[in-house]
Protein chains: 2
Amino acid sequence: MSDSCPSSRYHHGDLPGALRRAAWDMVGEAGVRGLSLRECARRAGVSHAAPAHHFGSLEGLLIEVAADGYERMAVIMDEEIERAGDRLPGCGLGYIRFATTHPQQFRLMLGTDRGAGESPRLREAASAALGRLREAIRDAWIARHGQSPDDVFLEERTALAWSAAHGYALLSIDRQLLTTSLPSAWRVLSPLIETLLRP
Amino acid sequence: MSDSCPSSRYHHGDLPGALRRAAWDMVGEAGVRGLSLRECARRAGVSHAAPAHHFGSLEGLLIEVAADGYERMAVIMDEEIERAGDRLPGCGLGYIRFATTHPQQFRLMLGTDRGAGESPRLREAASAALGRLREAIRDAWIARHGQSPDDVFLEERTALAWSAAHGYALLSIDRQLLTTSLPSAWRVLSPLIETLLRP
DNA sequence: TGGGTGACTTGACAGTGTCAAGATTCAGTC
DNA sequence: GACTGAATCTTGACACTGTCAAGTCACCCA
């Protein structure tokens, strides 16, 4: 059963999933502004009003697609952690790799505003990505200092690491806007590792 | 002559400026998705097709409004530099202050994509903001080491500083999404100053 | 097997972006 | 002062959009 060929006329079978995949593809092709509910419905093979039953509105679909993005990001972060063999740089580089390979979707993810707080799935997915970074810092700290850092201190270092990775990711995707020659992620961010692990 | 009261029926007097101010206000009120060309035209007191003559399309208006954003950001960075008495933290804190006081406009600024590279005014405005940070790092380096840093090295440190400030700014405005308790900008970012100035 | 709910379809409405044709205003030249 | 051309609009049209309401079909459970 494909996305655009429903199992029956009034019962798609997996319409929410098909709509989210269609939205993901359209954002990748044409950016957030190029996304429309009706075109998603066409690609899923249903009528224009079908999505409302599952997502309420276009805004509702966008929020769920942003949550999808964080879940996909977590997968790439895990891959990069495994490839790098070192969790802390693996997390950061995975984050950046996701953003540079999915620039338009990445923009959607950080473009969602107040309504996004209402989605438990989005909150969880975003927190999970942040949690990987927090765990990586905690483990690196324990390896260096023999004991766990203070919770408040850990939050500060996590915020610093996330900020730097996030900001660098945006520099990468906005490169025509800000600079024509951006130094590599490693060269820019590796000095930060020492900072994160110093009391 | 106000924005919505043209000096004559077929000659507004400053229509481009009025449209950009209307767009700025609408983005602030309802986010990028809440902006429409026709509503901007209504607020400026002209017909729906008038903006096309100045901006070509909605996309063209968005790009110019993003450039406005960077110019306003530069003003706030300069104010914060003066208030802090120290350029490097002043730049960073000014950047963050702008983002947290204009979250929706800030999102517009980083939401612009490929077409934005075409606007010399946007490129210049964005580069000027980045240039302030580069100058602040260079000056702080000279104060510490007695001579200017290598250009490549300076670009790396500038990218690191921008990334961290930018990332923290986004954490601030997305706070319902990622965390309910974000440590202050100073506590998160001040360890970075030492990193920026170490060879 | 029937009923209730879920999952759609159809149709309508208001708003949008953009384009084309036309009207008005301004500025420069003679 | 009149004329001309360009700038700056207005009007109208079209296609697309999001959302809502009413109706139809499919599925599942008692």
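Chain letters run A, B, ... following the sequence lines, proteins first, then strands; residues in each count from 1. Side chains are part of it too, since the values below use all heavy atoms of this structure and drop only hydrogens, waters and symmetry mates. If you're wondering where the values come from, they're calculated on a predicted model, not measured in any experiment.
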Completion exercise
Taken to the nearest whole Å, CZ/A:Phe55 to P/D:dC20 is 16 Å
Problem - Exam field: side chain B:Gln105 to backbone B:Trp24, donor-acceptor pair closer than 3.5 Å - result: yes
Practice task
Name the orientation class of the two ring planes belonging to A:His145 and A:Trp141 (parallel below 30°, tilted from 30 to 60°, perpendicular beyond 60°).
Solution key: tilted
Practice task
Could you state the atom-to-atom distance from CG of B:Leu35 to P of D:dT17 in whole Å?
Solution key: 19 Å
Fill in the blank from the handout: B:Asp14 CG to D:dC9 C1', in whole Å, measures 15 Å
Exercise for the section: Look at the side-chain N and O atoms of B:His11 and state whether any lies under 4.0 Å from the OP1 or OP2 oxygen of C:dC26. Expected result: no
Practice task
Determine whether A:Arg134 and A:Arg157 make a side-chain contact, defined as any pair of heavy atoms from C-beta on separated by less than 4.5 Å.
Solution key: no
Exercise for the section: Assess whether one donor atom and one acceptor atom, taken from the side chain of A:His54 and the base of C:dG6, lie less than 3.5 Å apart. Expected result: no
Problem - Separation of atom CG in A:Leu15 from atom P in D:dA26, rounded to whole Å - result: 16 Å
Problem - Nearest-angstrom distance from the residue atom NE2 of B:His53 to P of C:dA21 - result: 18 Å
Fill in the blank from the handout: Rounding to 0.5 Å, atoms CZ (A:Arg21) and OG (A:Ser4) come to a distance of 11.0 Å
Problem - Nucleotide D:dT17, atom C1' - distance to CD of A:Glu59 in whole Å - result: 14 Å
Practice task
Report the nucleotide, chosen from C:dC19, C:dA7, D:dC9, that has the shortest atom-to-atom distance to any side-chain atom of B:Ala49.
Solution key: C:dC19
Fill in the blank from the handout: Against the side chain of A:Tyr10, the closest entry in C:dC8, D:dA7, C:dG11 is C:dC8
Handout entry: Rounded distance in Å - CZ (A:Arg9) to P (D:dC27)
Key = 14 Å
Completion exercise
Ranking A:Val46 and B:Ser57 by the position along DNA chain C of their nearest nucleotide, the one closer to 5' is A:Val46
Practice task
Carefully, step by step, assess A:Asp3 and A:Arg20 under the rule salt bridge (Lys or Arg N to Asp or Glu O under 4.0 Å).
Solution key: CA-CA 10 Å; A:Asp3 277 355; A:Arg20 283 167 29 215; over 6 Å; no
Problem - Under-3.5 Å donor-acceptor pair between B:His48 side chain and C:dG15 base - result: no
Practice task
Please work out which of the three classes, parallel, tilted or perpendicular, describes the rings of B:His166 and B:Phe106, given edges at 30° and 60°.
Solution key: tilted
Problem - A:Arg33 side-chain N/O to C:dT16 phosphate OP1/OP2 under 4.0 Å - result: no
Practice task
Select one nucleotide: of C:dC26, D:dT19, D:dG23, the one nearest the side-chain heavy atoms of A:Leu58.
Solution key: D:dT19
Problem - Contacting residues from residues 36-43 of chain A, given that a heavy atom lies under 4.0 angstrom of DNA chain C - result: A:Arg38
Practice task
Run the numbers on B:Met109 and B:Tyr70 for side chain to side chain contact (heavy atoms under 4.5 Å, CB included), then give the verdict.
Solution key: CA-CA 8 Å; B:Met109 287 155 68; B:Tyr70 280 103; 3.9 Å; yes
